[in-house]
Amino acid sequence: MKKLQKNWICLILLGAVLCFTQPILAQEQNNTISPMYTQNISCSTYLHLNGRTAACTLNIIGRKDTAKISGILKLYDSTAAKTVKSWSIYKKSSSYSVSKTAAVKKGHRYKLSFSGKIYRNGSKYGEAISASTSKKN
């Protein structure tokens with residue numbers, strides 16, 4: 001008889017736990033954040049290494065209602081574990097394209113990366129965008 005009582009008590013406690021946690025789990029799922037729009041059409045980086053010079057190119061194309069683009073374009077020497085050069089990017093436009101050069105060393109591996117935000121007209125919150133590419137000189 002005591003074993004039957006313990007089983008019922010366990011079953012009741014399990015049911016109570018499920019009753020109280022189920023609404024919380026459903027609520028958590030409804031509060032997840034998802035983007036309302038996507039401003040970024042494309043974001044790409046190109047790295048061309050030629051002996052002692054790196055040609056670094058960034059191309060960003062946003063939607064028509066994009067107001068501005070901002071971020072950091074960085075050339076990183078993976079072999080020496082240090083930043084070679086970084087450029088601040090800011091443009092009030094729906095697209096942006098830039099080419100920069102930097103001095104590099106032969107035999108090293110380099111990574112060109114962009115990390116920034118693209119803003120919709122009238123919005124103070126930007127959508128994160130990024131791109132990167134790596135090559136060995």
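Numbers here simply count residues along the sequence, with the first being 1. Reckoned from all heavy atoms, side chains included, excluding hydrogens, waters and symmetry mates. Keep in mind that this is a model prediction, so the values were computed, not measured.
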Q: If two hydrophobic side chains count as joined below 4.5 Å and joins carry through other members, does Val98 share a cluster with Tyr110?
A: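 Yes; tracing contacts between hydrophobic side chains, which count when under 4.5 Å, links both residues.
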
Q: How long is the straight-line distance from NZ of Lys106 back to CG of Asn50, given to the nearest 0.5 Å?
A: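 NZ of Lys106 is found 8.0 Å from CG of Asn50.
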
Q: Look only at the side chain of Ser97 and the backbone of Asn59, and say whether a donor-acceptor pair between them is shorter than 3.5 Å.
A: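 Side chain of Ser97 to backbone of Asn59, a donor-acceptor pair under 3.5 Å: no, none is there.
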
Q: If you compare all heavy atoms of Gly51 against all heavy atoms of Asn137, which two are closest, and at what distance to 0.1 Å?
A: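 For Gly51 and Asn137, the tightest heavy-atom pair comes out as O-ND2, 2.6 Å.
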
Q: Supply the atom-to-atom distance Ile129 CD1 to Ser70 OG, rounded to the nearest 0.5 angstrom.
A: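 Atom-to-atom, Ile129:CD1 and Ser70:OG are 8.0 Å apart.
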
Q: Are Asp77 and Val104 packed together at the side-chain level, in the sense that at least one heavy-atom pair is separated by less than 4.5 angstrom?
A: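 A side-chain contact under 4.5 Å is absent here.
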
Q: Considering non-hydrogen atoms only, spot the tightest contact between Cys43 and Ala131 and give its length.
A: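 Heavy atoms of Cys43 and Ala131 come nearest at O-CB, 3.6 Å.
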
Q: How many angstroms lie between atom OH of Tyr90 and atom CD1 of Ile69, to the nearest 0.5 angstrom?
A: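 The CD1 atom of Ile69 is 10.5 Å from OH of Tyr90, to the nearest 0.5 Å.
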
Q: If you compare all heavy atoms of Leu112 against all heavy atoms of Thr45, which two are closest, and at what distance to 0.1 Å?
A: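 Between these two residues, the closest heavy atoms are O-OG1, 3.8 Å.
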
Q: Could you go through Ser115 and Ile72, starting from their C-alpha distance and side-chain angles, then the distance that decides it, and tell me whether this counts as side chain to side chain contact (heavy atoms under 4.5 Å, CB included)?
A: CA-CA 6 Å; Ser115 179; Ile72 300 289; 5.7 Å; no

Q: Side-chain contact test, heavy atoms from C-beta onward, threshold under 4.5 Å: evaluate it for Ile60 versus Phe114 and give yes or no.
A: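 They are in contact (side-chain heavy atoms under 4.5 Å apart), so the answer is yes.
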
Q: Measure the NZ-OG distance between Lys100 and Ser86 for me, rounded to the nearest 0.5 Å.
A: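 Separation between the atoms: 11.0 Å.
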
Q: Of all heavy-atom pairs between Ala102 and Lys85, which one has the smallest distance, and what is that distance?
A: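 Nearest pair, atom of Ala102 first, then Lys85: CB-CB, 4.2 Å.
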
Q: Using every non-hydrogen atom in the two residues, find where Tyr96 and Lys91 come nearest and quote the distance to one decimal.
A: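 Closest approach of Tyr96 to Lys91: CD1-CB, 3.4 Å.
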
Q: Looking only at heavy atoms, what is the nearest atom pair of Leu49 and Ala54, with distance?
A: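 Residues Leu49 and Ala54, closest heavy atoms: CD2-CB, 3.5 Å.
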
Q: Mind checking whether Tyr46 and Thr133 have side chains closer than 4.5 Å, heavy atoms only?
A: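 Side chain of Tyr46 against side chain of Thr133, heavy atoms only: no contact under 4.5 Å found.
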
Q: When you compare the side chains of Ser99 and Thr57, does any donor N or O come within less than 3.5 Å of an acceptor on the partner?
A: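 Yes, a side-chain donor-acceptor pair sits under 3.5 Å.
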
Q: When rounded to the nearest 0.5 angstrom, what is the spacing between NE2 in His48 and NZ in Lys135?
A: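 One gets 7.0 Å once the value is rounded to the nearest 0.5 Å.
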
Q: Rounded at 0.5 Å granularity, tell me how far OG in Ser44 sits from CD1 in Ile61.
A: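 It comes to 7.5 Å.
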
Q: Can you see whether Tyr76 has Lys111 sitting over its ring - NZ or CZ less than 6.0 Å from the centre and within 45° of the normal?
A: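 Output no; distance or angle outside limits.
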
Q: Taking side chain as C-beta onward, heavy atoms only, is Leu75 less than 4.5 Å from Leu47?
A: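 Of all side-chain heavy-atom pairs linking Leu47 with Leu75, at least one is under 4.5 Å.
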
